[in-house]
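Treat the numbers as computed from the prediction; the structure is a model and nothing was measured. Proteins get letters first, then strands, A, B, ... in listed order; numbering begins at 1 in each.
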2 protein chains.
Amino acid sequence: MGFEEAPFDVVEASRRVWLERWDEPAAASGMAVYTAILRSYQLLADQVNDVVRAHDLTFPRYEVLTWLATDPDSSLSLSWISKTLRIPPATVTNIIDRLEDDKLVRRVPHPSDARTTLAEITARGRRVADEATEDLNASVYERIGLSEAKRNRLVDLLAELRAKGSEFDVERSGEVIEEVRLRQADHRRSASA
Amino acid sequence: MGFEEAPFDVVEASRRVWLERWDEPAAASGMAVYTAILRSYQLLADQVNDVVRAHDLTFPRYEVLTWLATDPDSSLSLSWISKTLRIPPATVTNIIDRLEDDKLVRRVPHPSDARTTLAEITARGRRVADEATEDLNASVYERIGLSEAKRNRLVDLLAELRAKGSEFDVERSGEVIEEVRLRQADHRRSASA
DNA sequence: GACGTTTGCTACGAGCTCGAAGTAATCTGC
DNA sequence: GCAGATTACTTCGAGCTCGTAGCAAACGTC
């Protein structure tokens with residue numbers, strides 16, 4: 001799948017070098033954490049990229065498309081996308097340009113604030129998003145080599161790491177997510193009525 | 001440090017959407033694992049990049065330089081670098097070009113195989129590598145917000161994930177690392193003799 | 001209601017990544 | 001000892017990221 005086995009575990013090898021050379025256990029373990037995350041990221045990103053590329057997407061384009069597909073209004077402002085997916089504004093512009101070229105998304109002016117523009121998913125975009133997600137689920141996500149219990153432990157440890165590094169607003173996160181879910185539930189109820 | 005807090009935890013929010021929409025727990029947990037790794041990677045990479053940039057390096061350049069700095073011969077073949085650091089050959093060429101421009105590394109022909117060229121670290125390169133590492137240790141690695149016990153648990157879980165995804169040769173990894181350490185120990189002994 | 005500040009987006013450009021094709025050296029099988 | 005395959009590296013070019021600068025709309029203050 002686009003990569004070869006390395007001859008040995010680079011994380012473990014570096015950790016030993018660090019312990020011997022820098023004599024500060026916290027530096028060695030921190031380096032190991034970063035290197036392990038980097039390598040794991042590369043391993044999974046390779047697989048994910050292969051899948052989304054088969055649907056004529058890149059991962060950032062797929063990510064944006066998926067958030068649009070699950071939004072009750074089918075549209076999000078470019079600045080919201082930039083903030084929550086942590087993509088610089090100039091990059092968001094480029095991503096939406098490409099998605100628009102492929103007719104998966106449409107730019108729409110914001111009804112009350114003329115400064116902001118919304119990206120709205122098209123029917124075609126929704127179809128592509130769903131197909132890509134099913135493929136990703138089956139080809140990558142369900143095949144990660146860890147038991148359900150270990151996946152949860154891993155996600156929890158990374159959540160703590162991110163929270164301590166203030167990657168997201170820990171205080172408000174829970175309620176914001178609840179708000180969003182309520183809006184979605186409302187939307188589904190009224191759509192099926 | 002170059003990023004703002006997101007309004008909520010994207011990993012947790014996506015996990016809930018997945019559970020409701022795709023009804024396959026393994027897909028939801030796998031997606032959460034990938035997203036958590038991606039976000040953690042971005043969080044730490046931002047910090048790491050800020051530090052190495054202050055030393056006029058990019059992370060891949062720093063990584064190569066560090067491996068050269070700890071090598072007993074102070075030199076590695078470009079193909080070895082490509083394989084073990086998982087960097088495509090064309091990218092290695094570019095990295096070594098830039099390091100050579102900055103006089104941190106020198107290209108040297110391989111003594112017995114005219115096809116392969118070695119990258120050899122210069123005195124200046126060694127100094128830059130050490131300074132950057134001290135800075136990274138103090139500014140990033142020692143400050144990761146997890147206890148020593150949790151760092152170890154995290155690194156172990158990621159090692160299992162990588163091993164199951166055959167990121168490295170599990171069978172041989174241990175002995176290869178031992179070999180390298182013996183060579184390094186030998187080298188130090190003879191250097192101080 | 002005018003003025004300075006903030007916010008949201010886009011245009012531009014420099015820099016990086018990496019697939020594909022090309023060149024040169026080496027190895028393999030006969 | 002030679003033809004064909006393999007290995008190592010480089011060149012080229014397309015595509016992506018993202019910092020910077022710019023513009024327009026909206027907001028806050030007086």
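- Ser40(B) and Tyr41(A) share no donor-acceptor pair across their side chains, judged by distance under 3.5 Å alone.
- Side-chain proximity of Ser77(A) to dA25(C), dT10(C), dC9(C): nearest is dC9(C).
- Between Thr116(A) and dG8(C), a side-chain N or O to OP1/OP2 separation shorter than 4.0 Å is absent.
- When each of Arg115(A) and Pro89(A) is assigned the nucleotide of DNA chain C bearing its nearest heavy atom, the one mapping closer to the 5' terminus is Arg115(A).
- The span of DNA chain D lying next to chain B, judged by atoms under 4.0 Å from heavy atoms, is bounded 5' to 3' by dT7(D) to dT11(D).
- Contact between the side-chain N/O atoms of Thr91(B) and the OP1/OP2 oxygens of dC18(C) is found at a separation under 4.0 Å.
- The backbone N or O of Asp9(A) lies less than 3.5 Å from a partner atom in the side chain of Ser173(B), making a donor-acceptor pair.
- Between the CG atom of Asn94(A) and the P atom of dA11(C) there is a distance of 11 Å, given to the nearest Å.
- Counting any heavy atom pair closer than 4.0 Å across all strands shown, Ala114(B) reaches sugar-phosphate atoms only and no base atom.
- Here the side chain of Arg151(B) pairs a donor or acceptor atom with the backbone of Ile144(B) at under 3.5 angstrom.
- Residues Arg98(A) and Leu118(B) both approach DNA chain D. Their nearest nucleotides, taken by heavy-atom distance, put Leu118(B) toward the 5′ side.
- Between Arg53(A) atom CZ and dT17(C) atom P there is a gap of 15 Å when expressed in whole angstrom units.
- Among the atoms of the strands shown, only primed sugar atoms or phosphate atoms (P, OP1, OP2) are found under 4.0 Å from some heavy atom of Ser79(A).
- Residue-level contact check: Arg107(B) touches the backbone only, with heavy atoms under 4.0 Å from sugar-phosphate atoms and none from bases.
- In this pair, Tyr34(A) and Phe59(B) present their aromatic rings perpendicular. The plane angle is above 60°, beyond the 30 to 60° band.
- Side-chain atoms of Arg15(A) never come within 3.5 Å of backbone atoms of Ala28(A) as a donor-acceptor pair (strictly under, hydrogens ignored).
- Atom CG in Leu85(B) sits roughly 13 Å away from atom P in dT17(C) (whole-Å rounding).
- When atom types are taken as modelled, the side chain of Arg143(A) and the backbone of Ala138(A) share a donor-acceptor pair closer than 3.5 angstrom.
- Comparing Asp113(A) and Ile87(B), the nucleotide of DNA chain C nearest to each residue sits closer to the 5' end for Asp113(A).
- Between the P atom of dC18(C) and the CD1 atom of Ile95(B) lies a distance of 9 Å, rounded to the nearest Å.
- Arg61(B) and Thr58(B) get closest at one heavy-atom pair: CG-OG1, 2.9 Å.
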